[in-house]
Amino acid sequence: MSGNNKIQIISIKEFKHKSVLTISENNGDLIRKIDLIQGNEYILNPLNPNKLKNRDRKVIHMKTETNKRGIYGKVMYLDTSCPGKVEISDLDTML
């Protein structure tokens, strides 16, 4: 592994009516922190600048699920009303 690779630590804390998504580097620097509320609108904004698919699309967060490959968000795309699944770290708050 080269020195340029940064490891991202993703954590989700569950509360009664929301989840808090925190993404930080392995040195503790905060990259992104957002409140995930089921039914709220978010924008897809991947941290990887080369990941262009679906970038800037608006979605409604439906639910969060975890499997052996990672943490995903089930979403509904606002432009097509189609369901989809995205990496949870791609979700960002709308400005």
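Not measured: the values here are computed from a predicted model.
With Gln38 contributing its side chain and Met62 its backbone, the two residues share a donor-acceptor pair below 3.5 Å. Without hydrogens or angle criteria, Tyr42 side chain to Asp90 main chain gives no donor-acceptor distance under 3.5 Å.
For residues 52-63, the salt bridge (Lys or Arg N to Asp or Glu O under 4.0 Å) pairs, not counting sequence neighbours, are Arg57-Asp79. Screening residues 12-24 for salt bridge (Lys or Arg N to Asp or Glu O under 4.0 Å) gives Lys18-Asp35 as the qualifying pairs, with residues at least two apart or on separate chains. Pairs passing the salt bridge (Lys or Arg N to Asp or Glu O under 4.0 Å) check and including a residue from residues 66-78, sequence neighbours excluded, read Glu65-Lys74.
With a 4.5 Å cut-off between side-chain heavy atoms of Ile, Leu, Val, Met, Phe, Trp and Tyr, the cluster of Phe15 takes in Val20.
To the nearest 0.5 Å, atom OG1 of residue Thr66 and atom OH of residue Tyr72 are 10.0 Å apart.
A heavy-atom distance below 4.5 Å is not found between the side chains of Asn40 and His61. The side-chain heavy atoms of Ile12 and Thr64, taken from C-beta on, include a pair separated by under 4.5 Å. At least one side-chain heavy atom of Leu36 sits under 4.5 Å from a side-chain heavy atom of Ile88.
Cluster annotation: Val75 and Ile71 are assigned to the same hydrophobic cluster (Ile/Leu/Val/Met/Phe/Trp/Tyr, side-chain heavy-atom contacts under 4.5 Å, transitive). Hydrophobic clustering (side-chain heavy atoms under 4.5 Å, transitive across Ile, Leu, Val, Met, Phe, Trp, Tyr) groups Val59 together with Ile34.
Applying the side chain to side chain contact (heavy atoms under 4.5 Å, CB included) rule to Ile23 yields the partners Gln8, Ile10, Leu21, Ile31, Arg32, Leu47, Ser89; only residues at least two apart in sequence or on another chain are considered. Under the rule for a side chain to side chain contact (heavy atoms under 4.5 Å, CB included), the partners of Asn27 that lie at least two apart in sequence or sit in another chain are Glu25, Asp29.
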### Message
One pair to check against side chain to side chain contact (heavy atoms under 4.5 Å, CB included): Leu91 and Leu44. What are the steps and the verdict?
### Response
CA-CA 5 Å; Leu91 294 175; Leu44 293 179; 3.6 Å; yes
